[in-house]
Number of protein chains: 2
Amino acid sequence: MIDSPFGAVRHLDLFARMSDESFLRLTRAAYLQSFPAQLQLIAEGDPADFLHVLVSGRVELFSTWNGRETSMATVHPVSTFILAATVRDAPYLMSARTVEKSRLILIPSQDVREIFEQDIGFAKAIVNELARCYRATIRTSKNLKLRNSQERLANYLLRQLGKSGNRTRFELLAEKRRVASYLGMTPENLSRAFNALKAHGVEVDGSHVTIVDHDKLVAFACPHALLDDYAN
Amino acid sequence: MIDSPFGAVRHLDLFARMSDESFLRLTRAAYLQSFPAQLQLIAEGDPADFLHVLVSGRVELFSTWNGRETSMATVHPVSTFILAATVRDAPYLMSARTVEKSRLILIPSQDVREIFEQDIGFAKAIVNELARCYRATIRTSKNLKLRNSQERLANYLLRQLGKSGNRTRFELLAEKRRVASYLGMTPENLSRAFNALKAHGVEVDGSHVTIVDHDKLVAFACPHALLDDYAN
DNA sequence: TCTTCCGCTTGATATTTGTCAAGCTCGGGA
DNA sequence: TCCCGAGCTTGACAAATATCAAGCGGAAGA
């Protein structure tokens, strides 16, 4: 048990400030599991039996209705997902599938709820994480309602550039069709939006994006902390 | 202090299961205030100094970007709003204005955060409320991305009918232009969507809506628990 | 190295949604 | 009672976005 596979997630905001004892109890019935690419992990509507932590690989959250499908988020390691369904003991609102080979830690939801009541550090972390997710989703809604597709893409690129830590170039972390769906448009429309952004300082080659004129792109995109600063 | 104006909110999910002592401490520095119609209560980006509880009247949450504005929600009494910004001590993501004359209870955010750490009943309620809001917002995003404007309106009407408790008729609880903005369309487009829904069993006269053929509307709207059942 | 296939791109076209302008309606105030 | 005006509706048109079809190209496998 010492040096367990769960050590990798101990530093996550969600677990960092809970007692060792609580962490041990939380992970006692948890297990680490590997999944191949393109495997559906979760079907929306299923009961939320486990809190999921992505340790390596990549997972897509998506939703369907009436034969249509939309990508809601791409999860990168190391982070948790579907915390809200877990704490409410409610059905998942989104489906999840691996995009590539992935390893996940599955923690019984029951344990999460129990330890939440006993460990104030964990409780605070859960509240913070939920509030953060809520605010991220509000931002997504604002993006969808206040911006057209070119503006959504332009600001998405600026955010990704910021995340990459680079000054001008970065790699798209998801396939373009996934990016398109995430941004609420078709792949064809994304392709055209990229073309349109050439006039605003963006160059694309495959998944390789170069912001050749940052000021110009900013002038077009008008990024705003209340829509684009997902960290806060 | 006995029979204080805060008794009206004690039964809310958020406050119902906290100790009397905690509730007293929470409301010690709180105050009840009346506001006229059309007054801006909150500007997005401001620090979240108070948790707001609407006691009577009506409040609209909205957001702006680049000269555009969209309605995010209409708050009806008795309920809280902007809990997430309060617990994170972060700036508001949405602005708020009264739609009609309203009374609100303002609770210092600092007190909310302090008592959260000391009262497990309150902490549980906050987590539940945050998770509920998060899930409601996910549903809103799914609505925007998976449905066109007629489908959004059709399902909105079915939800409002359910809330009203009636079998066929109900009143729109917000002005049509607000409904339009909430649903992510223009007032003109809403007007046309209402016309289109005549063919699916909907009749409108001002703010008075009659579902003359419920089965027909359901057949068109295809409501789904994971998109439309906001309570859960 | 060649082949195949999947995803991306492009063009043509259709549908959806927004914009602008005008007229209507209904309720409140003089 | 009449008048006024905000909000709603309608029509004509424009812009944004989706759909369909075809072709391209690069990566993985034979």
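Residue numbering restarts at 1 for every chain, and letters A, B, ... go by the order of the sequence lines.
Close to D:dA18, at under 4.0 Å from its OP1 or OP2, lies a side-chain N or O of A:Thr186. Checking the phosphate oxygens (OP1, OP2) of D:dT10, a side-chain nitrogen or oxygen of B:Asn195 falls inside 4.0 Å. Between A:Asn189 and D:dA18 there is a side-chain polar atom (N or O) within less than 4.0 angstrom of OP1 or OP2. Between A:Ser191 and C:dC8 there is no side-chain polar atom (N or O) within less than 4.0 angstrom of OP1 or OP2.
Side-chain to base pairing of B:Arg192 with D:dG11: one donor and one acceptor N or O lie within less than 3.5 Å of each other. Within 3.5 Å, a donor on the side chain of B:Glu188 pairs with an acceptor on the base of C:dC20, or the reverse.
B:Asp228 has a carboxylate O that lies under 4.0 Å from a charged side-chain N of B:Arg147, or vice versa, which qualifies the two as a salt bridge. Using a cut-off of 4.0 Å between Lys/Arg side-chain N and Asp/Glu carboxylate O, A:Glu129 and B:Arg88 are scored as not salt-bridged. Salt bridge absent: B:Arg177 and B:Glu188 never bring a charged side-chain N and a carboxylate O closer than 4.0 Å. Here A:Glu151 pairs with B:Arg68 in a salt bridge; the nearest charged N to carboxylate O distance falls below 4.0 Å.
Note: A:His200 and A:Phe220 have parallel aromatic rings, judged against thresholds of 30 and 60 degrees for the angle between ring planes.
Remark: the backbone N or O of B:Phe50 is paired with a side-chain donor or acceptor of B:Ser109 at under 3.5 angstrom.
Rounded to whole Å, atom C1' of C:dC8 lies 14 Å from atom CZ of A:Arg178. Between the P atom of D:dA18 and the CZ atom of A:Arg68 lies a distance of 12 Å, rounded to the nearest Å. The interatomic distance linking B:Leu183 (CG) with C:dG18 (C1') rounds to 16 Å, in whole Å. Nucleotide D:dA18 holds its P atom 12 Å from the CG atom of B:Leu146, rounded to whole Å. What separates CD of A:Gln38 from C1' of C:dC6 is a distance of 12 Å, to the nearest Å. One interatomic measurement links the two molecules: CZ of A:Phe194 to C1' of C:dG7, which rounds to 14 Å at whole-angstrom precision. One atom, CG of A:Asp205, and another, P of C:dC8, lie 14 Å apart when rounded to the nearest Å. Counting to the nearest Å, the P atom of C:dT16 and the CG atom of A:Leu144 are 19 Å from each other.
Direction of the helix axis in the helix from C:dT1-D:dA30 to C:dA30-D:dT1 shifts by 30° between the two five-pair termini, rounded to 10°.
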Open item on the list: Would A:Glu69 and A:Thr64 count as a side chain to side chain donor-acceptor pair (under 3.5 Å) here? Give the steps.
Closed with: CA-CA 4 Å; A:Glu69 176 179 322; A:Thr64 56; over 6 Å; no
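In terms of position along DNA chain D, the nucleotide closest to B:Gly206 lies nearer the 5' end than the nucleotide closest to the other residue of the pair B:Gly206 and A:Gly184.
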